[in-house]
Amino acid sequence: MAKENPATPEDTQSDSAVKPDGEGAAAVGDSDAASGAAATSAELPEAPEPVSGEAPAVVLKRPSGVSIIDPVNRIEGHLRIDMEVENGKVANVWASGGLFRGMELVLEKRKSTDAPYISQRICGVCPVSHAHASSMAAEKSYGIEIPSTARIIRNIVEGAQFLHSHILWFYNLAALDYVNPLNALTADIADTVALANAAGTTQADFANLKNRLQAFADNGQLSLFSGHWFNTADVGAEGGKNAYQLPAELDLIATAHYLEALEMQALSSEISGIIGGKMPHIMTSIPGGTTFVPTEEKLDDLLFRAQKLAAWVTNTMIPDTLAIAPFYMDVFGYGDNAANYIAWGVFDEPGFDPDKRYLPGGVWSMNETSRYKLDGSSKYKTVQSANEALITETTVHSFYEADDITHRNPSRDGITRPLYYNEAMVTDEERRSGKKPFDRYTWDKAARYDKLPFEAGGLSRLLVAYNRGIPEIVKGIDGVLTALGVPGRVELLNSTMGRTGARNIETQYVANKMVEWVGELIEAIKGGDTTTFKEAENRTGEGFGMWEAPRGALYHYMSLKDDIIDRYQIIIPSTWNISPRDDSDVHGPMEQSLLDVPVEDMEQPIHALRTVHSFDPCVACAVHITEPATGKKFSTVTNPWGVK
């Protein structure tokens, strides 16, 4: 039986410190570093020294108590994080998904052609992925394969959604954990322009932006920059060191690009709208192919937007990533988990082989490098093809009726029988007093593969592709690690910063492929290959769609009888990532990643927030934090416990 073996603090600190090698490292601001190109020297502000593993000369008193993040903001959905903090580190954690949706039940007794439209309503950020996974499940039930031109069109609209999600997530959701727009008020404009040139990133009207920010600050209305933790103390913050480490000039550059990103993510959605009729919730991806009809004008619109996005990602997003990361090298030192990675693959090639997709499917582990040793992980030291029969779910810690089977395969015997009554819930008071065990604490099920927890998402896709030898991915990962002064240290990607940076490498890869796919579509149409739909003759059977959403592995299963859905099951990416403990009491990936995360400020645990945001969870969350020693408490709306 698999068991967790967390390392002791001594084990954790001995090797986890990240120190750039210095010699031979590419310049931080090299815009080609993600592609492995040689760097040129650049005068950048000196980044702070990484956190070392040595004990500080002065032992500071570290906080202990109960810390509850509720709500976690800047995510999609409802998530709550309960943390027990001991001596400044997270000692135990519970990730609670606070909203029951039950979409599987909504889909039963519907026609198969309804499923792509209804299932898209699960999420407004990644509806395209649900449409495609649902359509694929129907197509397998029918026993058909879509035409090649339909494959290309699906790749383009899926890619547009990936770009929208990744750009939005990095700049407008996660970046405010590292970038302080208020600090930009002290920036020198001439130095800002020089820094942008040195970093290889794009220029903007920095003087005008600074004036706009100053006007916000002067009238006390900070708009979208209000309510954040910009004054948070850092670990070991004797003397008031702040957790936000960027120089004012880099904060100003990143804030300018934050605003640009709002326009670029909208440009991505325009591509989805051109193909899908509207976005979110496209109308044209259906079982059998697509109803989109490419015209010369629409192809021109697609190509222009794809080229503009690819240029912006390469010239702005990648250089920004490489400029910001050196100031937070310590964030490579926490947020690690069992290092098991799963990807179903996305963006089909002509042969429709999941293992040969542009981002291929596979199951891979580097658990031997992790402090969370799990029995059974070693068989995945080399990439294995995904086996649908090994996907299981357990609900021993979830708000669902219990039964005698702890690991159920969702397609064959999965159940969705929610517990609505209060006896299943544990209130905050009961939790702290110990009056009631914290056995069931989430609406999320514990998804497992071969009875092991696996992380899904951009990092998982990148590592599977890296180990399958996709040239652009190998070059991208090696180039970024070299640029950051840690060449070859792939194991460092198992961290909060590694998870964050990996998605930006993927963004560049997808953006470049988008231009290629539009060109491929143009050539197909010019060559007379205009068939985009295949009619099904049989509408009784069962099938599954294993695909990827921006946040990770997505699974849809349906069983049909005369085109009526008899059974439907879904496992979304966040089901893997925020999963609770399983029947072996093994944490899910996010819970593992939060263990031992440093906490300096009980009311603003910035490092825990960074770690949660690195997964880009698609749930709804709530945060209040208590410290019994002081009685301090912050509370908002909590689910399913109700309004506090």
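- Figure legend: cation-pi geometry between Arg499 and Phe615, with NZ or CZ positioned under 6.0 Å from the six-membered ring centre and within 45° of its axis.
- With no hydrogens or angles considered, a side-chain donor-acceptor pair links Tyr380 and Asp450 at under 3.5 Å.
- Pairs of residues two or more places apart, or lying in two chains, that qualify as ring pair (Phe, Tyr, Trp, His ring centres under 6.0 Å) and include a residue from residues 486-519 are Phe347-Trp517, Tyr358-Trp517.
- Side-chain N/O atoms of Thr202 and Thr316 include a donor and acceptor closer than 3.5 Å.
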Q. Would Tyr258 and Tyr171 satisfy ring-ring contact (aromatic ring centres under 6.0 Å, His included), going step by step from the backbone distance to the final call?
A. CA-CA 5 Å; Tyr258 173 106; Tyr171 281 100; 7.9 Å; no
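- No side-chain donor-acceptor contact under 3.5 Å links Thr314 to the backbone of Ala311.
- Nearest heavy atom pair, residue Gly458 against residue Arg503, reads CA-CG, 3.8 Å.
- Formation of a donor-acceptor pair under 3.5 Å by the Ser495 side chain with backbone atoms of Leu492 is found in this model.
- Counting heavy-atom neighbours within 6.0 Å of Phe304 CZ, excluding the residue itself, gives a total of 12 or less.
- In this model, no donor atom of one side chain and acceptor atom of the other lie less than 3.5 Å apart for Ser272 and His164.
- A donor-acceptor distance shorter than 3.5 angstrom exists from the side chain of Ser460 to the backbone of Glu455, with no hydrogens or angles considered.
- A donor-acceptor contact under 3.5 angstrom links the side chains of Glu388 and Tyr555, judged on distance only.
- Put simply, the side chain of Asp251 gets close to the backbone of Asn180: a donor and an acceptor are under 3.5 Å apart.
- Considering only heavy atoms from C-beta on, Pro580 comes within 4.5 Å of Asp444 through its side chain.
- The closest donor-acceptor contact from the side chain of His587 to the backbone of Leu595 lies at 3.5 Å or more, if one exists at all.
- Salt-bridge annotation for Glu349 and Lys356: absent, with no side-chain N of the basic residue lying under 4.0 Å from a carboxylate O of the acidic one.
- Closest heavy-atom contact between Arg468 and Gly361: NE-O, 2.8 Å.
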Q.
Would Leu463 and Val490 count as a side-chain contact (heavy atoms from CB on, under 4.5 Å) here? Give the steps.
A. CA-CA 9 Å; Leu463 289 174; Val490 176; 3.7 Å; yes
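- By the 4.0 Å N-to-carboxylate-O rule, Glu393 lies too far from Arg448 to be salt-bridged with it.
- The CZ atom of Phe332 sits 11.0 Å away from the CD atom of Glu491 when rounded to the nearest 0.5 Å.
- Closest approach of Val90 to Leu594, counting heavy atoms only: CB-O, 3.1 Å.
- Side-chain contact of Asn337 with Ser593: a donor-acceptor pair under 3.5 Å is present, judged by distance alone.
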Q | Residues Gln508, Met317; criterion side-chain contact (heavy atoms from CB on, under 4.5 Å); working and verdict | A | CA-CA 8 Å; Gln508 185 180 38; Met317 191 172 186; over 6 Å; no
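- Checked for salt-bridge contact, Asp582 and Lys451 miss the test: no charged N lies under 4.0 Å from a carboxylate O.
- The backbone N or O of Ala131 lies less than 3.5 Å from a partner atom in the side chain of Ser135, making a donor-acceptor pair.
- No donor-acceptor distance shorter than 3.5 angstrom exists from the side chain of Asn367 to the backbone of Ala339, with no hydrogens or angles considered.
- Nearest heavy atoms, Leu554 versus Ala133: CD2-CB, 3.8 Å.
- Counting heavy atoms from C-beta on, the side chains of Thr442 and Trp94 never come closer than 4.5 Å.
- Ion pairing between a basic and an acidic side chain is recognised when a charged N comes within 4.0 Å of a carboxylate O; Glu472 and Lys475 show no such pairing.
- The side-chain heavy atoms of Arg551 and Trp169, taken from C-beta on, include no pair separated by under 4.5 Å.
- The aromatic rings of Trp344 and Trp576 stand perpendicular to each other, their planes meeting at an angle above 60°, with 30° marking the opposite boundary.
- Contact of the Pro605 side chain with the Met83 side chain is registered, since non-hydrogen atoms from C-beta on lie closer than 4.5 Å.
- In terms of modelled atom types and a separation under 3.5 Å, the side chain of Gln265 and the main chain of Leu262 share a donor-acceptor contact.
- Salt bridge status for Arg357 with Asp348: present, with a side-chain N to carboxylate O gap under 4.0 Å.
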Q) How far apart are the C-alpha atoms of His607 and Tyr334, what are their side-chain angles, what is the distance that settles it, and do they pass the ring-ring contact (aromatic ring centres under 6.0 Å, His included) test? A) CA-CA 9 Å; His607 301 290; Tyr334 61 78; 5.1 Å; yes
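- Within the 4.5 Å cutoff, the side chain of Leu521 has no heavy atoms near those of the Val518 side chain.
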**Q.** From CA spacing to verdict: side-chain contact (heavy atoms from CB on, under 4.5 Å), Glu158, Cys126
**A.** CA-CA 9 Å; Glu158 186 74 57; Cys126 54; over 6 Å; no
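- Taking the side chain as every heavy atom from C-beta outward, Pro617 and Met590 approach each other to under 4.5 Å.
- In this view, His281 satisfies the ring-ring contact (aromatic ring centres under 6.0 Å, His included) rule with no residue, not counting sequence neighbours.
- Of the N and O atoms on the side chains of Ser378 and Glu368, not one donor lies less than 3.5 Å from an acceptor on the other residue.
- For Gln569 (side chain) and Tyr557 (main-chain N/O), no donor-acceptor pair under 3.5 Å exists by modelled atom type.
- Residues Val157 and Ile271 have side chains not in contact (no heavy-atom distance under 4.5 Å, counting atoms from C-beta outward).
- The minimum heavy-atom distance linking Arg74 with Asn172 is given by the pair CD-O, 4.2 Å.
- For Glu520 and Arg151, the salt-bridge test passes: some basic side-chain N is under 4.0 Å from an acidic carboxylate O.
- Scanning for side-chain hydrogen bond (donor to acceptor under 3.5 Å, both in side chains) contacts around Asn340 gives Ser365, Ser377, with sequence neighbours left out.
- Using a 4.0 Å cut-off between a side-chain N of Lys or Arg and a carboxylate O of Asp or Glu, Arg461 and Glu506 qualify as a salt bridge.
- With hydrogens and angles disregarded, no donor-acceptor distance shorter than 3.5 Å links the side chain of Arg154 to the backbone of Thr290.
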Q: Evaluate the side-chain contact (heavy atoms from CB on, under 4.5 Å) criterion for residues Met497 and Tyr328: first the C-alpha distance (whole Å), next the side-chain angles of each, then the deciding distance (0.1 Å), finally the verdict.
A: CA-CA 8 Å; Met497 183 58 75; Tyr328 294 101; 3.6 Å; yes
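- In this structure, Cys618 and Ser574 approach most closely via the heavy-atom pair N-OG, 2.9 Å.
- If you check the side chains of Thr500 and Ser614, you find no donor sitting under 3.5 Å from an acceptor.
- Between Leu322 and Val480 there is a side-chain heavy-atom pair separated by less than 4.5 Å.
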